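Below: one structure, written as structure tokens.
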Amino acid sequence: MKTAKEQLELLKRGVADIVSEKELLVKLEKSVKEKKPLRIKLGIDPTAPDVHLGFTVPLRKLKQFQELGHRVVIIIGSYTAMVGDPSGKNATRPQLSYEGVMSNAKNYQEKIFKILNKDKTEVVYNGEWFSKFSFNDVIRLASKITVASLLEHDYFDNRYKSGTPIALHEFIYPLMQGWDSVEVKADVELGGTDQRFNVIVGRDLQRESGQEPQVGLFLPILMGPDGKNKMSKSLNNYISIDESPKEMFGKLMSIPDALMLDYFKLLTEVPLPEISDIEEKLKNQSIHPKEVKKRLGRELVTMYHSKKDAEAADIEFERVFSGKELPADLPELILPQQLFKNGKVWIINILMEAKAVNNKSEAKRLVEQGGVYLNNLKIDSPATDLEVKNGDIVKAGKRKYFRLKL
RNA sequence: GGGCAGGUUGCGGAGUUGGUCAAUCGCAAUAGACUGUAAAUCUAUCGGCUGAAGCCUUCGAAGGUUCGAAUCCUUCCCUGCCCA
């Protein structure tokens with residue numbers, strides 16, 4: 001077993017902030033001395049059915065804790081998800097149904113163990129305790145926090161100042177998350193830097209309940225491929241770990257250059273010195289950014305699929321986007337007979353049939369702007385009727401291709 | 001409970017002396033040029049139907065006034081601010 005100091009050094013990699021480092025060291029020392037693993041908490045609100053790369057950041061940190069002999073406690077926020085975490089949001093979240101939450105939760109559990117060691121993980125639902133909460137309990141909990149302290153926080157403050165509504169239940173969220181820490185007797189809670197307040201509330205509540213307060217370990221927020229917002233399902237800028245190798249690779253290639261190194265640091269196993277080396281080489285331009293990004297794509301596809309898939313995705317990418325060749329596997333599009341008039345098909349109908357567009361106006365725009373090709377020939381008028389044959393290839397926009405089947 | 005302000009097309013936000021408003025502009029988005037499916041830049045598009053010209057449905061909801069309403073009136077719903 002590693003010493004407390006050694007553990008701390010390892011655990012600090014890729015961490016944005018610790019509240020507090022000293023306390024963590026003390027806990028680790030005690031753990032080593034008493035041979036008692038620490039309890040590491042991560043709360044998950046199963047708001048979406050998908051697990052994306054942003055979420056793997058804390059999961060990978062948890063795995064590291066496990067490798068050091070500690071115990072992970074995953075709290076599935078079956079109740080909190082119904083409230084919706086207001087952190088970083090500028091509007092009230094839609095409340096989810098219990099059924100929706102539970103079905104997402106089940107899905108999450110499967111995905112989580114792609115990364116975590118099942119034997120060293122406890123999974124609990126916070127509904128276990130919150131469903132038994134009486135109104136008195138709620139009041140008691142609510143009395144532990146002041147309105148001023150809530151309003152101090154950016155996300156409430158901004159909304160308050162700009163006059164956007166804040167519903168009362170949103171104030172309860174930090175308390176619920178905090179109370180989870182009490183229930184599971186957490187030693188450490190992981191979260192993104194936007195979780196700081198919620199984690200600190202947990203510390204207060206633990207202290208009140210006579211427990212030693214947990215340490216907060218905050219990880220950087222992973223930006224989505226748009227480079228502007230946090231990777232999140234609701235903003236639709238995320239890369240799911242279930243994505244096909246081709247998709248995953250492609251999405252990674254589309255991230256802004258400025259994000260590459262963060263992705264390396266937060267998402268891959270590439271050793272830090274090597275990342276610094278890459279950084280250096282980028283700076284003095286002895287390596288092309290595209291090559292670095294391709295490496296990133298290969299690393300991640302290898303992690304979630306296989307090395308073979310990664311290479312295939314890379315080669316395919318080169319072929320299609322750099323070589324401007326056709327993708328290897330095109331989706332087939334079967335054109336129903338009724339679309340044919342005198343043996344011809346209106347291009348707009350093909351696009352509609354392919355669901356490449358939402359409506360006909362959009363289809364026309366796409367054609368007018370030169371985004372549609374038949375067998376590499378640009379179609380320049382939306383009024384075009386096409387004589388198509390089996391195997392003809394239609395391209396709609398940057399990356400949608402279809403092979404026609406009659 | 002009282003007073004005030006407001007609800008516009010994904011978001012922000014114009015437009016309220018009634019017609020010229022499918023509705024300025026910015027962001028986002030999509031397409032094209034340039035590229036490395038990066039960034040930046042430039043161009044175009046950005047309610048729907050109609051195989052151009054025409055039509056239809058939109059400005060919180062429902063009614064009403066009018067030849068004509070996002071703009072006026074009534075009721076209702078929702079939000080914020082101030083006072084209690």
Side-chain angles (χ1 to χ4, degrees), chain A residues 89-92 94 151 156-168 170 223-230 232 234-237 239 243-264 278 282 285 287-298 301 313-327 338-342 344-373 377-386 394-401:
Chain A
K89 291 285 154 174
N90 47 21
T92 306
L151 281 175
F156 286 129
D157 192 44
N158 291 341
R159 279 163 64 182
Y160 194 65
K161 280 189 183 141
S162 68
T164 22
I166 301 168
L168 187 56
E170 295 182 75
M223 289 287 161
D226 68 358
K228 289 166 195 146
N229 294 296
K230 173 179 176 174
S232 92
S234 52
L235 292 169
N236 199 30
N237 65 327
I239 304 174
E243 217 99 38
S244 72
K246 196 174 130 192
E247 278 292 308
M248 188 181 278
F249 193 88
K251 281 194 182 181
L252 287 164
M253 289 306 284
S254 78
I255 67 169
D257 287 3
L259 240 51
M260 290 193 300
L261 291 170
D262 278 348
Y263 273 48
F264 265 109
I278 294 173
L282 278 172
Q285 302 191 345
I287 187 170
H288 195 296
K290 184 187 172 191
E291 292 309 316
V292 177
K293 212 183 276 179
K294 279 171 57 158
R295 161 96 190 267
L296 177 67
R298 284 197 306 270
V301 174
D314 187 355
I315 290 166
E316 175 78 352
F317 178 84
E318 273 302 316
R319 234 170 47 74
V320 176
F321 293 103
S322 303
K324 303 224 182 279
E325 288 176 51
L326 290 172
Q338 59 266 31
L339 291 184
F340 287 84
K341 265 186 210 159
N342 304 325
K344 292 182 172 183
V345 193
W346 187 24
I347 180 61
I348 302 304
N349 281 333
I350 295 178
L351 297 176
M352 286 295 285
E353 191 64 30
K355 296 197 168 63
V357 291
N358 292 316
N359 53 56
K360 290 190 180 178
S361 301
E362 209 173 284
K364 284 183 189 173
R365 262 176 245 138
L366 195 59
V367 176
E368 270 162 12
Q369 309 203 105
V372 180
Y373 288 78
L377 277 173
K378 191 195 279 185
I379 295 171
D380 37 34
S381 161
T384 312
D385 285 318
L386 297 173
V394 174
K395 181 185 179 208
K398 278 184 202 175
R399 53 189 92 163
K400 288 179 191 155
Y401 293 88

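Since we're looking at a predicted model, the values are computed, not measured. Basis for what follows: all heavy atoms, side chains included, without hydrogens, waters or symmetry-related copies. Letters go in sequence order (proteins before strands), and every chain restarts at 1.
- Applying the side chain to side chain contact (heavy atoms under 4.5 Å, CB included) criterion to A:Glu247, with sequence neighbours excluded, gives A:Glu243, A:Ser244, A:Lys251.
- Applying the Watson-Crick and G-U wobble criteria (two distances, each under 3.5 Å), B:rA5 pairs with B:rU79.
- B:rG54 and B:rA22 have their C1' atoms separated by 15 Å, with the value rounded to a whole Å.
- If you check every strand for non-hydrogen atoms under 4.0 Å, A:Asp226 touches nothing.
- Where A:Gly370 and A:Glu247 meet RNA chain B, the nucleotide closest to each residue was compared, and A:Gly370 sits on the side nearer the 5' end.
- A:Asn359 comes within 4.0 angstrom of sugar-phosphate atoms only, judged by non-hydrogen atoms across all strands, and of no base.
- Here the separation of B:rG15 from B:rU8, taken at their C1' atoms, is 9 Å to the nearest Å.
- Residue A:Lys364 is classed as a base contact, given a heavy-atom separation below 4.0 Å to a base.
- Applying the Watson-Crick and G-U wobble criteria (two distances, each under 3.5 Å), B:rG19 pairs with B:rC67.
- Rounded to whole Å, the P atom of B:rG64 lies 15 Å from the corresponding atom of B:rU71.
- Between the C1' atoms of B:rU20 and B:rG2, the separation comes to 43 Å (whole Å).
- Across all strands, A:Phe249 comes closer than 4.0 Å to no nucleic acid atom at all (heavy-atom distances).
- Pair assignment for B:rG36: none, as no Watson-Crick or G-U wobble contacts are both less than 3.5 Å.
- Under a 3.5 Å cut-off, the side chain of A:Lys341 and the backbone N or O of A:Trp346 do not form any donor-acceptor pair.
- Judged as a ring pair (Phe, Tyr, Trp, His ring centres under 6.0 Å), and not counting sequence neighbours, the contacts of A:Phe321 are A:Phe317.
- Between A:Arg365 and A:Glu368 no salt bridge is recorded (no basic side-chain N to carboxylate O distance below 4.0 Å).
- With a cutoff of under 4.0 Å to any heavy atom of chain A, the contacted region of RNA chain B is bounded 5' to 3' by B:rA28 to B:rC81.
- Listed by chain and residue number, A:Lys290, A:Lys294, A:Ser322 satisfy the side chain to side chain donor-acceptor pair (under 3.5 Å) test with A:Glu318 (two or more places apart in sequence, or in another chain).
- Going from the P atom of B:rU16 to that of B:rG7 covers 13 Å, rounded to whole Å.
- Nucleotides B:rG63 and B:rC46 have their C1' atoms positioned 34 Å apart, rounded to a whole Å.
- A:Pro256 comes within 4.0 angstrom of sugar-phosphate atoms only, judged by non-hydrogen atoms across all strands, and of no base.
- The separation of B:rC73 from B:rU66, taken at their C1' atoms, amounts to 12 Å, rounded to a whole angstrom.
- B:rU74 is paired with B:rA62 under the Watson-Crick or G-U wobble criterion, all donor-acceptor distances under 3.5 Å.
- Contact annotation for A:Arg399: base contact, defined as any heavy-atom pair under 4.0 Å involving a base atom.
- Residue A:Ile255 is classed as a sugar-phosphate contact, given heavy-atom separations below 4.0 Å to backbone atoms only.
- When each of A:Trp346 and A:Gly397 is assigned the nucleotide of RNA chain B with its nearest heavy atom, A:Gly397 is the one assigned upstream, toward the 5' end.
- The CG atom of A:Asp257 lies 8.0 Å from the CG atom of A:Leu282; values are rounded to the nearest 0.5 Å.
- Partners of A:Asp262 by side chain to side chain contact (heavy atoms under 4.5 Å, CB included), not counting sequence neighbours: none found.
- Within the 4.0 angstrom heavy-atom criterion, no nucleotide atom of any strand lies near A:Lys400.
- Taking atom C1' on both nucleotides, B:rG13 is separated from B:rG18 by 23 Å, rounded to a whole Å.
- Using a 4.0 Å heavy-atom distance criterion, A:Lys251 is classed as making no nucleic acid contact.
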Quiz: residues 348-360 of chain A side-chain donor-acceptor pairs under 3.5 angstrom, not counting sequence neighbours:
{"residue": "A:Asn358", "atom": "ND2", "partner": "A:Glu362", "partner atom": "OE1", "Å": "3.4"}
{"residue": "A:Asn359", "atom": "OD1", "partner": "A:Ser361", "partner atom": "N", "Å": "3.2"}
{"residue": "A:Asn359", "atom": "OD1", "partner": "A:Glu362", "partner atom": "N", "Å": "2.8"}

